[in-house]
**Student:** 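Handing you this structure, nothing more for now.
Start at 1 with the first residue, then count along the sequence.
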Amino acid sequence: AGRSSDWAFKRLFQLESECRSSTPAVQVEAIGEFPKLLDLFPFPMLVSSAFLKLGDLFRNSPNSLRHHIAQVFEASQHHLAQIAHTEELLKRILVVLYSNDPIARVLALRLIGNASSVFARFPEAQHGTLLRYQSSHPLEIAAAVQTTERMLEFSPGFLGVVWETVQSKADSAQVPDSVRVQLIRSLRHAAPSLQLSTLLYSRCRSWAERPDSTAVVQCAALDTWRSTIQSHNELAADDADFVSGFVAHALASVRRSALALLGRWHPTTQVAEVDAGRLAGVKARLCAHLGAQLGEDMVPDLSELRPATTTLARIETACPPTGPRQSWLFAMTIVEQALRSFGEALRATADTGAQHEPWACTTRMGDAGASHHYRHLASSVMLAVSAATILGGADAKSRAAGAIRDAWLAMSEACEAPGEAAYVRRFLRISWAWCKSMGMELTVAAALPALLDARSCSVACKIAAIASSPRHFGLVSAECVRHVSGFVSALESGNANSHAPTAAWNSMLVILARDRRPTAAKSLDMGVEDMGAEDMGVEDIGDLATTAISKWSAYLCNHAEEPAVCHC
């Protein structure tokens, strides 16, 4: 803390002298100290001096040290913007880039790629990178591809310079597949350009349908093809028919890429009239794929089922109805399987010996499988929600809301696994927002009395937020009063056990949350008398909850020596 800028510059000169030592270990250690020094003293003058010294060292050092210097540029990328003499630094690097040593040129390309945030705009760096594509050394070509992709992130105009070169290399069968994949994926930066994205659209299909294209090249072509799909460049029906042929591919990565591309397809009624045969072919392939996936004993892969179901729903929306919606039948099958799988996992991990604690549960999903089952259930339900939104219709939306309700009830039976609380809360928030937007909130709100016994903290907090609102408090007021009154009576009679019932705690939470609302909002709840709390006024309900908490606190103090109470 007491070190000054003078000390920093002295340390910089010391590192420079150590870098010129005759001992390689001292040199490597000194180079590794540069990022630490720059993080401690990020002064523009010090940063510029340090990188210029590294540039000189890079120009005059063997390849072993150049490798470590390139790593320093990668580790200190956030300081590069402070360099005052960027062009001078680039000149030092270009000396190595135009040398006769291919390994040195590879290291220079790597350094330029690491510093592409400041080098990408210079024509000298672009020209030097472009020349490396003419090399016959495979490492040099791979380094040029990686550097090009990094430079395109900061200089999209560079794509026009390397467009023809990258395309010709990607077309060449002599280029290794690993390099071809990188070349094809680097072209995704053409999406903002109307002209280049149109050219890339047709080029991606040719890469995907070439007989000599391997699976990894086809996967890269499909992924890059997806980046070109925009409002001015929609996927044509014949192209969708071609892509749908990949959904039966043996490799899952190719299937996912094809389904993700089809997921960007939005067929219209006009397209269905003109290309009804192609749409029927795509629909048949998707139905066959979904049937095969759901027929397996293992848990289905939602990364394939989600785009397949939504695409099928769009096709059925564009085509005139001829029977039951296959997409909806598949979506409900996926939800039923997810609910069944979640229930089986819940029963398998049930801890029958655990005691009932406030804000805890008798069953906790195990760490190993909890994440999978929670996310699978939530994703399956949201898949049904997406299908219902695409298809429209009151029946589909009502059944999707019912699936949300069933998922809430299933999740309420156990505490969420460690690390899953945020995911569960997000699912609850999004699903409830969808129900409100579609006018289906009463389908979920009708289950509020049953959800008062929720052992999941996330579900309990969401239920408290919903049930305490003026619109829904009347649905649970009688149950809340019954649970809290029964708990108070048990405390007064001395028959209470060492732990408070979960339903009583959740009911108190609902009542107290409602009591914290503004008076104008609470006045809308005066209809609670009709729901079973006819003997209690609005203020008395809040007093009941505070009385229960006070009596529970007194009970704990009076029985503090009991082992069960100490555990609580």
Side-chain angles (χ1 to χ4, degrees), residues 15-35 38 48-77 79-80 83 85-155 158 161-162 165-166 169 174-176 178-179 182-183 186:
L15 292 178
E16 181 186 11
S17 62
E18 292 178 357
C19 287
R20 302 186 185 282
S21 172
S22 59
T23 306
V26 176
Q27 291 178 309
V28 172
E29 185 177 357
I31 293 174
E33 291 293 323
F34 272 88
L38 296 178
S48 298
S49 300
F51 277 110
L52 287 174
K53 293 181 185 300
L54 287 173
D56 288 330
L57 191 63
F58 186 84
R59 179 177 55 185
N60 301 317
S61 298
N63 291 335
S64 58
L65 289 183
R66 285 171 178 160
H67 168 73
H68 295 288
I69 295 172
Q71 288 182 321
V72 171
F73 274 76
E74 182 178 7
S76 302
Q77 293 182 28
H79 297 300
L80 293 172
I83 299 176
H85 305 287
T86 308
E87 192 169 0
E88 293 297 325
L89 176 60
L90 179 59
K91 289 179 180 178
R92 291 161 168 78
I93 310 303
L94 291 178
V95 172
V96 182
L97 184 61
Y98 290 107
S99 66
N100 295 325
D101 184 1
I103 302 300
R105 294 197 297 266
V106 168
L107 294 172
L109 285 170
R110 180 178 177 182
L111 191 149
I112 292 175
N114 292 338
S116 56
S117 58
V118 293
F119 287 162
R121 59 188 176 89
F122 287 98
E124 296 86 355
Q126 298 178 2
H127 179 69
T129 304
L130 183 61
L131 289 179
R132 296 307 103 202
Y133 281 97
Q134 301 175 7
S135 174
S136 58
H137 199 286
L139 289 179
E140 193 169 357
I141 297 176
V145 173
Q146 294 176 356
T147 303
T148 299
E149 189 166 5
R150 295 290 300 273
M151 293 176 69
L152 287 173
E153 297 177 5
F154 300 96
S155 181
F158 182 44
V161 179
V162 298
T165 303
V166 171
K169 285 290 183 182
Q174 285 73 32
V175 177
S178 59
V179 177
Q182 291 180 333
L183 287 167
S186 67

**Student:** Who pairs with Phe34 by ring-ring contact (aromatic ring centres under 6.0 Å, His included), at least two apart in sequence or on another chain?
**Tutor:**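 With neighbours one apart ignored, the set is empty.
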**Student:** Kindly indicate whether the side chain of Ile141, heavy atoms from C-beta on, has any atom under 4.5 Å from the side chain of Pro138.
**Tutor:**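 No; the side chains remain at least 4.5 Å from each other.
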**Student:** In Å, rounded to the nearest 0.5 Å, how long is the span from CG of Leu89 to CZ of Arg59?
**Tutor:**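 Reported to 0.5 Å precision, the distance equals 10.5 Å.
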**Student:** How long is the span from the OG atom in Ser99 to the CG atom in Asn63, to the nearest 0.5 Å?
**Tutor:**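 If we round to the nearest 0.5 Å, Ser99:OG and Asn63:CG are 8.0 Å apart.
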**Student:** Could you check whether any side-chain N or O of Arg150 sits under 3.5 Å from a backbone N or O of Gln146, counting only pairs where one atom can act as donor and the other as acceptor?
**Tutor:**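 Looks like no, no N/O pair under 3.5 Å.
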**Student:** Could you grab the distance from atom NE2 of His68 to atom CG of Leu107, nearest 0.5 Å is fine?
**Tutor:**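 Between atom NE2 of His68 and atom CG of Leu107 there are 10.5 Å.
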**Student:** Looking at Ala144, is its backbone amide N or carbonyl O close enough to the side chain of Thr147 to form a donor-acceptor pair, meaning the two atoms are under 3.5 Å apart?
**Tutor:**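 No, the answer is negative, given that no donor and acceptor are paired below the 3.5 Å cut-off.
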**Student:** For the backbone of Met151 and the side chain of Ser155, can you confirm whether one donor and one acceptor N or O come within less than 3.5 Å of each other?
**Tutor:**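 No, because the side chain of Ser155 does not come within donor-acceptor range (under 3.5 Å) of the backbone of Met151.
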**Student:** Evaluate Arg110 against Glu74 for side chain to side chain contact (heavy atoms under 4.5 Å, CB included), listing each step before the verdict.
**Tutor:** CA-CA 9 Å; Arg110 180 178 177 182; Glu74 182 178 7; 3.7 Å; yes
**Student:** Testing the basics here: between Ile83 and Thr86, what is the closest heavy-atom pair and its distance to 0.1 Å?
**Tutor:**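 Minimum heavy-atom separation between Ile83 and Thr86: O-OG1, 3.5 Å.
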**Student:** Looking at every non-hydrogen atom in both residues, tell me the closest pair between Leu57 and Cys19 and how far apart they are.
**Tutor:**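 Looking at all heavy atoms of both residues, the closest pair is CD2-CB, 3.6 Å.
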**Student:** Scan residues 60-70 for pairs that pass salt bridge (charged side-chain N to carboxylate O under 4.0 Å, His left out), counting only residues two or more places apart or in two chains.
**Tutor:**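 Counting only pairs at least two positions apart or across chains, no salt bridge (charged side-chain N to carboxylate O under 4.0 Å, His left out) contact touches residues 60-70.
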**Student:** Within a strict 4.5 Å, meaning less than it, do heavy atoms of the Ile31 and Val28 side chains meet?
**Tutor:**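 They are not in contact (no side-chain heavy atoms under 4.5 Å apart), so the answer is no.
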**Student:** With a 3.5 Å distance limit and no angle check, can you tell me whether Thr23 reaches the backbone of Ala25 through a side-chain donor-acceptor pair?
**Tutor:**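 It does not hold such a pair.
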**Student:** Phe154: which residues meet the side chain to side chain contact (heavy atoms under 4.5 Å, CB included) condition with it, sequence neighbours left out?
**Tutor:**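 For Phe154, the residues satisfying side chain to side chain contact (heavy atoms under 4.5 Å, CB included) (neighbours in sequence not counted) are Ser116, Ser117, Ala120.
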**Student:** Distance check, rounded to the nearest 0.5 Å: Phe119 atom CZ versus Thr129 atom OG1?
**Tutor:**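 Nearest 0.5 Å value for the CZ-OG1 distance: 11.0 Å.
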**Student:** Would you give the length of the straight line joining atom CD1 of Ile112 to atom CZ of Phe122, rounded to the nearest 0.5 angstrom?
**Tutor:**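 Here the interatomic distance stands at 11.5 Å.
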**Student:** Heavy-atom count check: over 12 atoms from other residues, nucleotides or ligands less than 6.0 Å from His85 NE2?
**Tutor:**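 No, NE2 of His85 has 12 or fewer neighbouring heavy atoms, counting only those of other groups under 6.0 Å.
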**Student:** Less than 4.5 Å apart, any side-chain heavy atom of Phe51 and any of Val118?
**Tutor:**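 A side-chain contact under 4.5 Å is absent here.
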**Student:** Which atom names give the shortest non-hydrogen contact between Val166 and Ser186, and what distance separates them?
**Tutor:**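 That would be CG1-OG, 4.1 Å.
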**Student:** I'd like to check the ring-ring contact (aromatic ring centres under 6.0 Å, His included) partners of Phe58; sequence neighbours left out, ordered by chain and number.
**Tutor:**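 Result, ring-ring contact (aromatic ring centres under 6.0 Å, His included) vs Phe58: none returned.
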**Student:** When rounded to the nearest 0.5 angstrom, what is the spacing between CD in Gln134 and OG1 in Thr165?
**Tutor:**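 Answer for the CD-OG1 pair, Gln134 versus Thr165, is 7.5 Å.
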**Student:** Sort and list the pairs that fulfil salt bridge (charged side-chain N to carboxylate O under 4.0 Å, His left out) and have at least one residue in residues 19-32, not counting sequence neighbours.
**Tutor:**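 For residues 19-32, and leaving out neighbouring residues, the salt bridge (charged side-chain N to carboxylate O under 4.0 Å, His left out) pairs sorted by first residue read Glu16-Arg20.
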**Student:** Answer yes or no: is there a side-chain heavy-atom contact under 4.5 Å between Glu88 and Leu52?
**Tutor:**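 A side-chain contact exists here, since the closest heavy-atom pair is under 4.5 Å.
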**Student:** If you look only at pairs with a residue in residues 135-147, which of them pass as a salt bridge (charged side-chain N to carboxylate O under 4.0 Å, His left out), with sequence neighbours excluded?
**Tutor:**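 Checked against salt bridge (charged side-chain N to carboxylate O under 4.0 Å, His left out) - neighbours excluded - the pairs reaching residues 135-147 are Arg105-Glu140, Arg132-Glu140.
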